[in-house]
Amino acid sequence: MTGAERFARPAESYGPHMAVPLTSSVSSPSSVPLPPVGLTPAAGSVPSVGSASAAGSVPSVGPASAAGSVPSVGSASAAGSVPPLGHPSRPAADSVPPVGQPSRPARPGLTELRLSAFARHRRAVHPLGAVTLFAGPSGSGKTSALRAYEALARLAGGGAVWEVFPDPVACVPEWSRPDAQQRRGFRIGCTADGPEGQVRLDVAVQAEPALRIVGERLSAGGLVLLETALRDPGRGTVQAAWHTAGSSSVTRAPLPDDRLATALLPLRVAGKTDGQRQVLAAAEQMVVALRSVFACDPRPDRMRAPARTGSGHLLGGCDNLADVLWRTREECGRRHAQLVAAVRAGCAGPVTDVLAEPLGDGTVRALLDRGAGPRTELARLGDGELRHLALTLVLLTGPGVLDVDPPGEVPDAMRALTVLADGFDRDLDPRQRGELLRLAVRMSERGHIRCVGAVSDASWAAGTAGVTVVHLEP
């Protein structure tokens, strides 16, 4: 079986202690059968990577052979089984760009979000573009899709699994049943395109009885570069194996089960061989694509009150909008002029400036300058006007102003900020949402901003150049 065939094989029964079965990125979700999370394998079936055998022994990392023994990663297996990690198989067919395809993007970005088993989602594969709108009625899973994206970003930034998933049981699909050890979990993944081509990451998380990352797989070009699996549930580690292609085809080491192994690789891999450098390049591309994420859901009720002066970094709820305006108005006149023009298009009445003024008690308030008329405090604006103003500021500023954790070791020209906007069209009238979408497209064309939003109905955005619409069903 080649590396490409390994990716396309049907997913096996999954228990949260097992490694992550992958599906082909070109397959439709309905074409890949996937049993409910938590079901144990049927009698006579081969358990997934990292699962405990029937006799209670702990297998090594790697698939089970036909005879029932479990070879280590990189060992020879029976005919038709999965090739060893680091096997020089041909790249997957979908990893070879067709003739005439543009060169690989210089800035890594996600092109696919996979929700194999997460909240309401099952076997879901969602395409992502520079501007993506998840559309569907209430209960269709729009917010959970954005939550999964944000979770991957926080894990890539080095966040602990208990910080990223404060309520992990809420991420477990309702239809899942625990296995014999009362274990349940969920699976998420993504694909990042960039200078290294398409790099895939899939993560399995056990939510019950203890929260931990129990399986992870990083791959590129049909080659598995990193694979982890839980071998001993009594230890707080997973067994990791990554591609080396030197005197030893793989390197094995225990890694903590509360952190994303992909984010830890730059600290563990020396980069002395071509294989190690390939692993590092793929891991760094995935981390860069995920790290710069700003989850934003402006709260008009909090934006109306004066804001206490602070760092000048905009919070996710935009509570401190006035403080940020106090800073940005003086820092970049050209960008502030663009903000004023965009706010003018989304607010009722004339707008000649957007400014902030100190109140003498350590707080500042934001106002609209109406020209000849009196200045209008933000407290007097409607919810739609405030949300339009806040999202406009987010799209026009970037990581230097937003409260994000970008990879500081990566030049700005090599990374893009992704804005996650839950309720992208909430409280907006047709004019405001149209102006905001056009601004998102215009900023994404420059390459520094990507936007993923959730809307109840995307009919107004259908056919807009540069916008990817993902329709969800309840």
Side-chain angles (χ1 to χ4, degrees), residues 7 20 22-26 29 94-95 97 102 104-116 118 121 124-134 141-157 159 164 187-203 216-221 225-226 260 262-263 281-296 395 398-399 402 404-407 410 414-422 424 440-441 443-454 466-470 472:
F7 276 35
V20 186
L22 296 180
T23 59
S24 173
S25 62
V26 297
D94 61 350
S95 68
R104 294 170 177 172
R107 297 184 182 91
L110 294 197
T111 57
E112 186 177 79
L113 178 66
R114 290 185 298 280
L115 306 176
S116 302
F118 185 82
H121 301 272
V125 181
H126 301 308
L128 299 174
V131 178
T132 306
L133 295 179
F134 284 94
K142 305 183 298 293
T143 298
S144 59
L146 267 62
R147 188 186 306 134
Y149 194 127
E150 183 184 6
L152 287 168
R154 295 181 64 186
L155 288 173
V164 176
R187 288 180 290 148
I188 54 179
C190 60
T191 299
D193 199 5
E196 301 302 316
Q198 291 189 345
V199 179
R200 294 166 56 96
L201 171 68
D202 288 88
V203 184
E216 182 178 343
R217 187 175 291 162
L218 183 74
S219 57
L225 302 176
L226 164 72
L260 192 70
T262 297
E284 290 172 356
Q285 175 170 301
M286 180 60 69
V287 169
V288 171
L290 282 170
R291 275 277 296 274
S292 298
V293 166
F294 182 66
C296 179
L395 292 172
L402 307 179
V404 296
D405 180 29
V410 180
M414 298 299 294
R415 65 176 187 245
L417 170 74
T418 300
V419 177
L420 302 180
D422 197 8
F424 182 86
V441 172
M443 297 305 295
S444 70
E445 290 174 347
R446 301 180 183 181
H448 292 282
I449 292 287
R450 297 169 66 88
C451 181
V452 181
V467 177
T468 301
V469 178
V470 178
L472 302 177

J.: Can you see which heavy atom on Lys142 is nearest to which on Ala454, and at what distance?
T.: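 So the minimum-distance heavy-atom pair works out to CB-CB, 3.8 Å.
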J.: Taking only residues two or more places apart in sequence or in another chain, which ones pass side chain to side chain contact (heavy atoms under 4.5 Å, CB included) with Val467?
T.: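 Counting only residues at least two positions away or on another chain, Val467 forms a side chain to side chain contact (heavy atoms under 4.5 Å, CB included) with Val131, Leu133, Leu437, Val441, Thr464, Val469.
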J.: Provide the closest heavy-atom pair for Val125 versus Pro127 in the form atom of the first, atom of the second, distance.
T.: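 For Val125 and Pro127, the tightest heavy-atom pair comes out as O-CD, 3.9 Å.
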J.: Can you measure from CG (Leu417) to CD1 (Ile449) and round to the nearest 0.5 angstrom?
T.: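 Going from the CG atom of Leu417 to the CD1 atom of Ile449 covers 4.0 Å.
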J.: I need the minimum non-hydrogen distance between Phe424 and Gly453, along with the two atoms involved.
T.: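 Minimum heavy-atom separation between Phe424 and Gly453: CB-CA, 4.2 Å.
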J.: What pairs with Tyr149 under ring-ring contact (aromatic ring centres under 6.0 Å, His included), at least two apart in sequence or on another chain?
T.: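 Partners of Tyr149 by the ring-ring contact (aromatic ring centres under 6.0 Å, His included) criterion come out as none, since no residue qualifies.
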J.: Short question: side chain of Gln285, backbone of Gly197 - any donor-acceptor pair under 3.5 Å?
T.: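 The answer is yes, because a donor-acceptor pair under 3.5 Å joins these two groups.
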J.: What's the spacing between Leu260 CG and Leu226 CG if we round to 0.5 Å?
T.: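 These two atoms lie 8.5 Å from each other.
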J.: Please report the interatomic distance CG(Leu420) to CZ(Phe294), rounded to the nearest 0.5 Å.
T.: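 Between Leu420 CG and Phe294 CZ, I get 10.0 Å after rounding to 0.5 Å.
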J.: Mind checking what makes side-chain hydrogen bond (donor to acceptor under 3.5 Å, both in side chains) contact with Thr111, not counting sequence neighbours?
T.: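 Counting only residues at least two positions away or on another chain, Thr111 forms no side-chain hydrogen bond (donor to acceptor under 3.5 Å, both in side chains).
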J.: Mind listing the closest non-hydrogen atom pair of Cys451 and Ala440 along with its distance?
T.: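 Looking at all heavy atoms of both residues, the closest pair is CB-CB, 4.4 Å.
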J.: Which is it for Leu110 and Leu290 under the side chain to side chain contact (heavy atoms under 4.5 Å, CB included) test, yes or no, and what are the steps along the way?
T.: CA-CA 8 Å; Leu110 294 197; Leu290 282 170; 3.5 Å; yes
J.: Closest heavy-atom contact between Ala220 and Val199?
T.: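 It is CB-CG2, 4.1 Å.
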J.: Could you work out, with side-chain hydrogen bond (donor to acceptor under 3.5 Å, both in side chains) as the rule, every residue matching Ser144, not counting sequence neighbours?
T.: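 Scan of Ser144 (side-chain hydrogen bond (donor to acceptor under 3.5 Å, both in side chains), adjacent residues dropped) gives His121.
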J.: Say whether, by atom type as modelled, one donor and one acceptor occur between the side chain of Arg450 and the main chain of Ser444 under 3.5 angstrom.
T.: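 Pair absent, no side-chain N/O of Arg450 close to backbone of Ser444.
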J.: Distance check, rounded to the nearest 0.5 Å: Cys190 atom SG versus His126 atom NE2?
T.: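 So the SG of Cys190 and the NE2 of His126 are separated by 13.0 Å.
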J.: Side chain to side chain contact (heavy atoms under 4.5 Å, CB included), that's the test. Do Arg200 and Arg217 meet it? Break it down for me.
T.: CA-CA 8 Å; Arg200 294 166 56 96; Arg217 187 175 291 162; over 6 Å; no
J.: Assess whether side chain to side chain contact (heavy atoms under 4.5 Å, CB included) is satisfied between Leu113 and Leu152, documenting all intermediate values.
T.: CA-CA 10 Å; Leu113 178 66; Leu152 287 168; 4.0 Å; yes
J.: Would you call Pro108 and Met286 a side-chain contact if the rule is heavy atoms closer than 4.5 Å?
T.: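 Result no, sub-4.5 Å side-chain heavy-atom pair not found.
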J.: For Thr262, give me all partners under side-chain hydrogen bond (donor to acceptor under 3.5 Å, both in side chains), at least two apart in sequence or on another chain.
T.: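 Applying side-chain hydrogen bond (donor to acceptor under 3.5 Å, both in side chains) to Thr262 gives Glu216.
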J.: How close do Leu115 and Ala148 get, heavy atom to heavy atom, and via which atoms?
T.: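 What the structure gives for the nearest pair is CD2-CB, 3.4 Å.
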J.: Side chains of Arg114 and Thr191 only: does a donor on one sit below 3.5 Å from an acceptor on the other?
T.: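 A pair is found: one side chain offers a donor N or O, the other an acceptor, under 3.5 Å apart.
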